[in-house]
Each structure stands twice: as structure tokens, then as C-alpha cells.
Amino acid sequence: MKNRDQAWTRWMKAGKHGLTTVQMEVLELLRKIAHSPATESEFHVHVQNLKASTHWKESTLLQKWFDWKWLKNAKRWMWCFRSSRLNTRVTTIQMG
């Protein structure tokens, strides 16, 4: 999702968060979480990989931001959760 990636990039580019020099590495970890297509267990493996990273351990701001803003709402943006959501196409016909 383009909007999600833009939000992540903007947050990390802000110098006050201290991640500008490692932005691409952290984004890669976040994208692996987001793109876990198969199962919820795969999602949890990628979350654990992020939490095991040096970037995570050294940044309480990253920990708070990701846990509060993204992880608690994972069912809204994760591929493995979104695939189970019902998607219905609505077609309208304009009668003249």
C-alpha cells in the first residue's frame, strides 16, 4: 500500500526520530511484516525479526510508534489479514 509506505517513510525521515541513517533497513523490515501473505504465523516471525534488530532495540521511539500506531491495527493493513476480508464490487447501471 502506497499510503502506508509513505507514512512510514515520512515518520522515519523526521530527524527527531533518529532513524534517517537506517531508514531503508527499517523500511525493509516493516515491508516484510506487511507483505506476509500466507499466514498469521509468518506475520509473527517477521515481527519478531524486527524486534530482534539493533534498530528496534536502540530506538524506544520506533518501539512506541510501531506498537501503538501500527501493530495494534495490524488487521487493517496486513496482507495475511486483508485477504480474509470480503471484497465486493459494486456496479451501477445508468438508465437514460
Self-check item: Smallest separation among heavy atoms of Phe66 and Ile33, with atom names
Solution: CZ-CD1, 3.9 Å

Quiz prompt | Under the salt bridge (Lys or Arg N to Asp or Glu O under 4.0 Å) test, residues paired with Lys51 that sit two or more places apart | solution = Asp67

Exercise. Check whether Val45 and Trp70 end up in the same hydrophobic cluster, where Ile, Leu, Val, Met, Phe, Trp and Tyr are linked by side-chain heavy atoms less than 4.5 Å apart.
Key: no

Quiz prompt | side chain to side chain donor-acceptor pair (under 3.5 Å) partners of Glu25, counting only residues at least two apart | solution = His55

Quiz prompt | side chain to side chain donor-acceptor pair (under 3.5 Å) involving Thr21 - partner list, sequence neighbours excluded | solution = none

Distance-only donor-acceptor hits, side chain of residues 9-19, under 3.5 Å, sequence neighbours excluded:
unit_1, atom_1, unit_2, atom_2, d
Thr9, OG1, Asp5, O, 2.8
Trp11, NE1, His17, NE2, 3.3
His17, ND1, Trp11, O, 2.5

Measure the [atom1]-[atom2] distance between [X] and [Y] for me, rounded to the nearest 0.5 Å.
X: Met24; Y: Glu28; atom1: CE; atom2: CD; value: 8.0 Å
X: Gln48; Y: Phe43; atom1: CD; atom2: CZ; value: 10.0 Å
X: Arg31; Y: His46; atom1: CZ; atom2: NE2; value: 14.0 Å
X: Leu30; Y: Gln23; atom1: CG; atom2: CD; value: 10.5 Å

Quiz item: Does any non-hydrogen side-chain atom of Asn3 lie less than 4.5 Å from one of Gln6?
Solution: yes

Practice problem: Would you please name every residue forming a side chain to side chain contact (heavy atoms under 4.5 Å, CB included) with Leu29, sequence neighbours left out? | Solution: Leu50, Ser53

